[in-house]
Amino acid sequence: MSLVVVGTVAFDAIETPFGKTDKIVGGAATYSGISASYFTKKINLVSVVGEDFPASMFDEFKKHHISTEGLQVKKGQKTFFWSGRYHVDMNTRDTLDTQLNVLLDFDPILPDSYQDCEFLMLGNLSPSVQKTVVERMNKRPKLIVMDTMNFWMDTQWDALMETISMIDVLTINDAEARQLTKEYSLVKAAQKILAMGPKYLVIKKGEHGTLLFHEDQVFFAPALPLEDVFDPTGAGDTFAGGFIGYLAQTRDISFENMKRGIIYGSAMASFCVEKFGLERILDLSQGELDERVQEFVDLVQFDIELV
Ligand code: AMP
């Protein structure tokens, strides 16, 4: 079933304790779209880049059956740029620079061929643009998943609240859930966020796993203990792409299936962090993915008899 992915397509410059990159291709929609492509074959991208964006990346999108009809290229302008530095524990990072560039006056286009979409991923982007995309769909998709970050909480609070009230699943990290609700307890934070509109909430806790909340139910999935973590950039977006890609493939949006979606998303994210940028998720095989998912199953499986 078709999936529309909205978000940044970007240049990133990343510093981790293991090294440093120059400008490499990144962006929320890039990570989410590529990740979702391992599950569903009809992906439609909505974003904007500048003239400086490499043409080779369009081939990469095509290879992953991602339509770029809705990816605008702005002549004479520069692509969105983000730079970040990770701390030694790799769970926290500082944003060093955010240059909105083409995002400053981004007016999203939804080509006719995108209109039948049943699944919508509102990847990290200005909440007012995310809202415009929802409004420009002729029919409300069956499931809208949204991601956001502290940058938008700091700069577009009202628009963020409005967009959050329109969606089905919010995915954010633990620090952002706390910032959004001013609650330290993630259980209390979840209650407050679910009262803002979303029916489901995914809280990502980096190497400490993921929580899924719905009404009074909670599900927890661990992150895989990995030997090598080089660069966590894009892990959240890769997770979200795997999650919604799996739901779109199975067309089942029950809580039970979302649990499986969380595991597939977590498996994709575990690959993402193993190398810098997009490198590790560009050429995965089905065998590698199956093996990784099996590792998750083995990690949490145990028998217990209660007397
Ligand atoms: P993640 O590590 O999953 O939080 O996502 C990192 C990606 O988000 C990078 O590739 C950045 O280009 C992108 N990014 C950073 N800041 C923003 C922002 N304010 N809005 C949208 N995308 C962003």
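What you are looking at is a predicted structure, and each value in this text was computed from that prediction instead of being measured. As a basis for the values below, the full set of heavy atoms in this structure was taken, side chains included, without hydrogen atoms, waters or symmetry mates. Numbering starts at 1 and runs along the sequence shown. Both counts, for ligands and for their atoms, begin at 1 and track the order of listing.
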Between Glu207 and Asn91, does any side-chain donor sit less than 3.5 Å from a side-chain acceptor?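 Indeed, the side chains of Glu207 and Asn91 share at least one donor-acceptor pair under 3.5 Å.
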Check whether the side chains of Asp252 and Thr250 place a donor and an acceptor atom closer than 3.5 Å, and report yes or no.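 The answer is no; no qualifying pair exists.
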I'd like to know if the side chain of [X] and the backbone of [Y] have a donor-acceptor N/O pair within less than 3.5 Å.
X	Y	answer
Thr8	Ala28	yes
His64	Leu282	yes
Glu176	Asn173	yes

What atoms of ligand 1 come closer than 4.0 angstrom to any heavy atom of [X]?
X	result
Gly236	3 (O)
Gly27	9 (C), 10 (O), 12 (O)
Gly26	10 (O)
Phe151	19 (N)
Tyr31	10 (O)

May I ask you to check whether Tyr264 and Phe39 place their ring centers less than 6.0 Å from one another? yes
Looking at Phe18 versus Phe230, is the centre-to-centre ring distance below 6.0 Å?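 Close enough - the centres of the two rings lie under 6.0 Å apart.
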How far is [atom] from the closest protein heavy atom, and which atom is that?
atom	answer
atom 8 (O) of ligand 1	Asp237 OD2, 3.9 Å
atom 20 (N) of ligand 1	Trp152 NE1, 3.1 Å
atom 4 (O) of ligand 1	Arg93 NH2, 2.9 Å
atom 14 (N) of ligand 1	Phe80 CE2, 3.9 Å
atom 18 (C) of ligand 1	Met149 SD, 3.5 Å

Does ligand 1 come near enough to [X] that some N or O of the ligand is less than 3.5 Å from an N or O of the residue?
X	answer
Thr98	no
Ala28	no
Ala10	no
Gly234	yes

Name the one of Met146, Arg140, Lys142 that satisfies side chain to side chain contact (heavy atoms under 4.5 Å, CB included) with Asp168? Arg140
Only one of Leu96, Asp231, Asp22 passes side chain to side chain contact (heavy atoms under 4.5 Å, CB included) with Ile14; say which it is. Asp231
Given the rule that I, L, V, M, F, W and Y join up when any side-chain heavy atoms are under 4.5 Å apart, are Phe80 and Ile109 in one cluster?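 Result: no, two separate clusters.
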Relative to ligand 1, is Ala235 under 4.0 angstrom through side chain, backbone, both or neither, heavy atoms considered?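 Looking at Ala235 and ligand 1, just backbone atoms fall under 4.0 Å.
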Nearest heavy atom to atom 10 (O) of ligand 1, choosing from Asp12, Thr8, Thr95, belongs to Asp12
